[in-house]
*Asks:* 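Questions regarding the structure given below will be posed in turn.
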Protein chains: 2
Amino acid sequence: MIAKTPKPPYYAVIFTNTLSNITHGYQETAQLMEKLAKEQEGYLGHESARDSLGITVSYWSDLEAIKRWKNQSQHLIAQKLGKDTWYQSFKTRICLVERDYDFGLENS
Amino acid sequence: MIAKTPKPPYYAVIFTNTLSNITHGYQETAQLMEKLAKEQEGYLGHESARDSLGITVSYWSDLEAIKRWKNQSQHLIAQKLGKDTWYQSFKTRICLVERDYDFGLENS
């Protein structure tokens with residue numbers, strides 16, 4: 001679903017990844033991380049899609065919120081498991097959203 | 001494929017979308033737009049994934065390059081066709097990439 005984010009400026013974390021062939025535990029952990037992220041202060045929304053490439057974009061109020069989520073204890077464990085097992089490669093980009101516009105969204 | 005972008009700062013355009021049920025001509029136009037974008041001055045790379053949601057992130061050297069691409073003549077036609085037929089909804093976010101880090105990528 002397209003995230004309903006507030007007016008810019010806010011932050012985006014673009015997480016692009018390819019998976020290894022070891023998928024055991026990945027879905028459960030991804031779902032738990034989604035739940036935990038939503039509980040974080042400063043979380044604004046997220047969007048996710050996967051075919052041969054996975055792209056997850058999460059939106060945050062500020063850099064401090066991103067830093068707190070990066071260092072959240074269960075997320076730290078998930079990040080280590082991700083590097084050790086599930087991800088073949090990834091790239092994370094921290095971005096300041098300066099402008100946005102949309103089409104066909106309700107309440108926008 | 002994960003885009004090989006230069007060191008930040010640079011710009012990202014996050015284009016999140018859902019498709020309508022009218023798909024005629026979409027793939028061909030998407031492929032042509034990808035080809036034309038790559039020829040633009042300031043184009044740095046792009047990443048794309050789709051399941052129920054489509055996410056395409058394109059990377060650019062600066063805001064001027066984004067503006068030129070937005071106003072490129074064939075791209076203008078494609079944008080109109082997109083609104084009129086292929087897209088049910090979309091959101092475009094223009095972002096300054098401030099930092100990035102990666103894992104498992106060659107030559108990084």
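Predicted, not measured: the structure shown is a model, and the values here were computed from it.
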*Asks:* With respect to chain B, which residue among A:Tyr87, A:Tyr11, A:Tyr101 yields the maximal number of heavy-atom pairs within a distance under 4.5 Å?
*Replies:*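 Sorted descending by pairs with chain B, the first entry is A:Tyr101.
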*Asks:* Below 4.5 Å, heavy-atom pairs only: which of B:Gly54, B:Pro8, B:Ala3, B:Ala12 has the largest tally toward chain A?
*Replies:*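 Answer, by heavy-atom pair count under 4.5 Å with chain A: B:Ala3.
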*Asks:* Between B:His46 and B:Lys38, what is the shortest heavy-atom contact and its length?
*Replies:*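 Reported closest heavy-atom pair: CE1-CE, 4.3 Å.
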*Asks:* Carefully, step by step, assess B:Leu53 and B:Asn17 under the rule side chain to side chain contact (heavy atoms under 4.5 Å, CB included).
*Replies:* CA-CA 6 Å; B:Leu53 189 71; B:Asn17 62 82; over 6 Å; no
*Asks:* Could you check whether A:Thr5 and A:Tyr10, counting side-chain N and O atoms only, form a donor-acceptor pair closer than 3.5 Å?
*Replies:*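 Yes, side-chain donor-acceptor contact under 3.5 Å.
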*Asks:* Name the region of A:Ile14, side chain, backbone, both or neither, that has any atom closer than 4.5 Å to a heavy atom of chain B.
*Replies:*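 A:Ile14 touches chain B through side-chain heavy atoms alone.
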*Asks:* Please look at B:Phe15 and chain A and tell me whether the side chain, the backbone, both or neither of the residue comes under 4.5 angstrom of a heavy atom of that chain.
*Replies:*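 No part of B:Phe15 comes within 4.5 Å of chain A.
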*Asks:* Which bit of A:Gln88 is near chain B, if near means a heavy-atom gap under 4.5 Å: side chain, backbone, both or neither?
*Replies:*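 The backbone, not the side chain.
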*Asks:* I need the residue from A:Thr92, A:Val97, A:Asp100 with the largest number of non-hydrogen atom pairs under 4.5 Å to chain B.
*Replies:*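 The residue among A:Thr92, A:Val97, A:Asp100 with the greatest pair count is A:Thr92.
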*Asks:* Can you tell me which portion of B:Ser52 sits under 4.5 Å from chain A's heavy atoms? Options are side chain, backbone, both or neither.
*Replies:*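 The answer is neither part of B:Ser52.
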*Asks:* Mind listing the closest non-hydrogen atom pair of B:Trp60 and B:Ala37 along with its distance?
*Replies:*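 What the structure gives for the nearest pair is CH2-O, 4.1 Å.
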*Asks:* Pair A:Leu36, A:Gln40 - check side chain to side chain contact (heavy atoms under 4.5 Å, CB included), show working.
*Replies:* CA-CA 7 Å; A:Leu36 293 175; A:Gln40 291 281 308; 5.8 Å; no
*Asks:* Need one label for B:Glu47: side chain, backbone, both or neither, based on atoms under 4.5 Å from any heavy atom in chain A.
*Replies:*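 Answer is both: backbone and side chain atoms of B:Glu47 are under 4.5 Å from chain A.
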*Asks:* Regarding B:Arg93 and the six-membered ring of A:Tyr59, is the cationic atom NZ or CZ under 6.0 Å from the ring centre and inside 45° of its axis?
*Replies:*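 Yes, a cation-pi geometry holds between B:Arg93 and A:Tyr59.
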